[in-house]
Number of protein chains: 2
Amino acid sequence: MDAEKRKRLEAAGWTLGNASDFLGLTPVEAELVELKTRLALFAKEQRRVSNLSQNALAKKMGSSQSRIAKIESGDPSVSLDLIVRALLTSGATRQELAQVIVGTN
Amino acid sequence: MDAEKRKRLEAAGWTLGNASDFLGLTPVEAELVELKTRLALFAKEQRRVSNLSQNALAKKMGSSQSRIAKIESGDPSVSLDLIVRALLTSGATRQELAQVIVGTN
DNA sequence: TCATTTTATGTCATATATGACATATTAGCA
DNA sequence: TGCTAATATGTCATATATGACATAAAATGA
């Protein structure tokens with residue numbers, strides 16, 4: 001969005017910002033959310049690469065299908081611990097984890 | 001330990017193995033523990049580099065001094081989420097996180 | 001030494017994450 | 001189309017993590 005459009009919108013009474021602002025997240029919280037989201041997406045890829053159904057992965061790591069679904073959908077009730085456990089169980093390496101963490105930015 | 005010593009110890013009634021074996025951890029659980037331990041150590045370093053007392057860091061991230069101590073001592077009651085929050089709050093970059101995760105091995 | 005700050009350890013009420021389950025929705029294929 | 005596996009979504013009792021607090025033990029410096 002360019003400065004012009006921003007100015008017009010703000011003049012019209014809009015408060016601009018991103019999702020972090022809206023949710024009232026601190027920068028650290030926002031970064032953690034982004035990190036978890038990226039890892040969650042990668043977890044979905046990894047599971048598919050390893051040819052496991054959500055159910056199969058769940059059994060393999062002592063969890064349940066519904067929780068795997070929540071992991072992959074970025075459900076806020078899912079801990080970083082669980083995401084990483086899913087990733088490691090579906091064969092992701094530490095190098096790959098690191099890769100995802102550094103990201104594109 | 002070489003095969004000779006192992007044989008002698010086992011003959012003497014010792015069951016050999018590492019901490020993972022002793023605690024009955026699966027390979028994935030063991031790797032997660034190791035990962036958390038390394039990050040915990042790095043968290044301690046990072047806090048010191050940023051010249052924060054445990055109390056100061058705790059306030060900064062809305063936690064408590066005792067919990068910071070537990071983070072840094074590798075207490076099993078501490079989540080990966082909390083460790084990472086502590087790291088980010090004390091100024092660690094994603095690159096540094098990734099660095100620690102890939103580790104030396 | 002002593003005073004002060006920092007860190008460690010233990011406990012507890014509460015908050016949050018968890019697996020299990022039911023059930024809905026979607027994909028994939030004959 | 002129908003049939004079946006896969007995935008999504010919601011709920012709940014229980015397990016685990018949390019900040020707060022007290023207090024002990026170290027560290028730091030005068």
Side-chain angles (χ1 to χ4, degrees), chain A residues 20 23-26 28-92, chain B residues 20 23-26 28-92:
Chain A
S20 300
L23 295 170
L25 299 180
T26 68
V28 164
E29 284 166 340
E31 181 151 23
L32 184 54
V33 167
E34 190 196 327
L35 218 60
K36 289 174 78 167
T37 301
R38 285 217 300 269
L39 288 170
L41 287 179
F42 183 50
K44 192 167 195 164
E45 288 177 21
Q46 239 353 75
R47 176 181 59 81
R48 285 178 166 160
V49 163
S50 59
N51 281 316
L52 292 169
S53 66
Q54 290 184 344
N55 217 318
L57 174 57
K59 298 286 172 55
K60 205 172 174 193
M61 60 183 278
S63 183
S64 61
Q65 180 270 324
S66 62
R67 200 125 282 275
I68 304 295
K70 287 178 219 289
I71 291 174
E72 297 180 354
S73 71
D75 190 294
S77 81
V78 174
S79 74
L80 191 49
D81 300 68
L82 193 63
I83 299 175
V84 172
R85 286 212 292 128
L87 275 166
L88 295 177
T89 304
S90 49
Chain B
S20 301
L23 295 169
L25 298 181
T26 67
V28 164
E29 283 167 339
E31 182 150 23
L32 184 54
V33 167
E34 191 195 326
L35 218 60
K36 290 174 76 168
T37 302
R38 285 217 300 268
L39 288 170
L41 288 179
F42 182 51
K44 191 165 196 166
E45 288 177 22
Q46 238 353 76
R47 175 181 62 81
R48 285 177 166 160
V49 163
S50 57
N51 280 317
L52 293 170
S53 67
Q54 291 183 343
N55 218 319
L57 175 56
K59 297 287 171 57
K60 205 173 175 192
M61 60 183 277
S63 183
S64 62
Q65 180 269 326
S66 62
R67 201 125 283 274
I68 305 295
K70 287 178 219 289
I71 290 174
E72 298 180 352
S73 71
D75 190 294
S77 82
V78 174
S79 74
L80 191 48
D81 299 67
L82 193 64
I83 298 174
V84 172
R85 286 213 292 128
L87 275 166
L88 295 176
T89 304
S90 49

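Numbered from 1 within each chain, the chains take letters A, B, ... in sequence-line order. Model, not experiment: these values are computed from the prediction.
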(message) Rounded at 0.5 Å granularity, tell me how far CD1 in I68(A) sits from NZ in K60(A).
(response) 11.5 Å

(request) Give the first and the last nucleotide of DNA chain D, reading 5' to 3', that has any atom under 4.0 Å from a heavy atom of chain A. (result) dT7(D) to dT11(D)

(message) Do D75(A) and S77(A) pair up side chain to side chain, a donor and an acceptor below 3.5 Å, judged on atom types alone?
(response) yes

(message) Heavy atoms only, 4.0 Å cut-off, all strands: where does S53(B) land among base, sugar-phosphate and nothing?
(response) sugar-phosphate

(message) If you assign each of E72(A) and D81(A) to its closest nucleotide in DNA chain D, which residue comes earlier from the 5' end?
(response) E72(A)

(request) Mind checking K59(A) for me? I need base, sugar-phosphate or nothing, with any heavy atom below 4.0 Å counting as a touch. (result) nothing

(message) Under 4.0 Å, counting only non-hydrogen atoms across every strand here, what does R47(B) touch: a base, just sugar-phosphate, or nothing?
(response) sugar-phosphate

(message) When you measure from the side chain of K36(A) to the backbone of V78(A), do you find a donor-acceptor pair of N or O atoms at a distance under 3.5 Å?
(response) yes

(request) Mind calculating the distance between CD (Q54(B)) and C1' (dT4(C)) to the nearest angstrom? (result) 16 Å

(request) Please round to the nearest 0.5 Å and tell me the distance separating atom CG of L82(A) and atom CG of L39(A). (result) 12.0 Å

(request) Go along nucleotides 22-29 of chain C 5' to 3' and tag each nucleotide: B for a protein heavy atom under 4.0 Å from its base, S when only backbone or sugar atoms are that close, - otherwise. (result) --------

(message) Going by side chain to side chain donor-acceptor pair (under 3.5 Å), Q54(B) matches just one of E72(B), R67(B), K44(B). Which one?
(response) E72(B)

(request) Nearest 0.5 Å please: distance from the CG atom of L52(B) over to the NZ atom of K59(B). (result) 12.0 Å

(request) Pick base, sugar-phosphate or nothing for L82(B), based on heavy-atom distances below 4.0 Å to the nucleic acid. (result) sugar-phosphate

(message) Please report the distance, rounded to the nearest Å, between CZ in R67(B) and P in dA8(C).
(response) 14 Å

(message) Please check: side-chain N/O of D81(B) versus main-chain N/O of L80(A), any donor-acceptor pairing under 3.5 Å?
(response) yes

(request) Could you say whether S77(B) or S64(B) is positioned toward the 5' end of DNA chain D, judged by the nucleotide with the nearest heavy atom to each? (result) S77(B)

(request) Report yes if some heavy atom in the side chain of L88(A) is under 4.5 Å from a heavy atom in the side chain of M61(A); otherwise report no. (result) no

(request) Remember a base hit wins even if backbone is also touched, and classify R48(A) as base, sugar-phosphate or nothing at under 4.0 Å, heavy atoms. (result) nothing

(message) As an exercise, state the distance from CG of L35(A) to CZ of R85(B), rounded to the nearest 0.5 Å.
(response) 13.5 Å

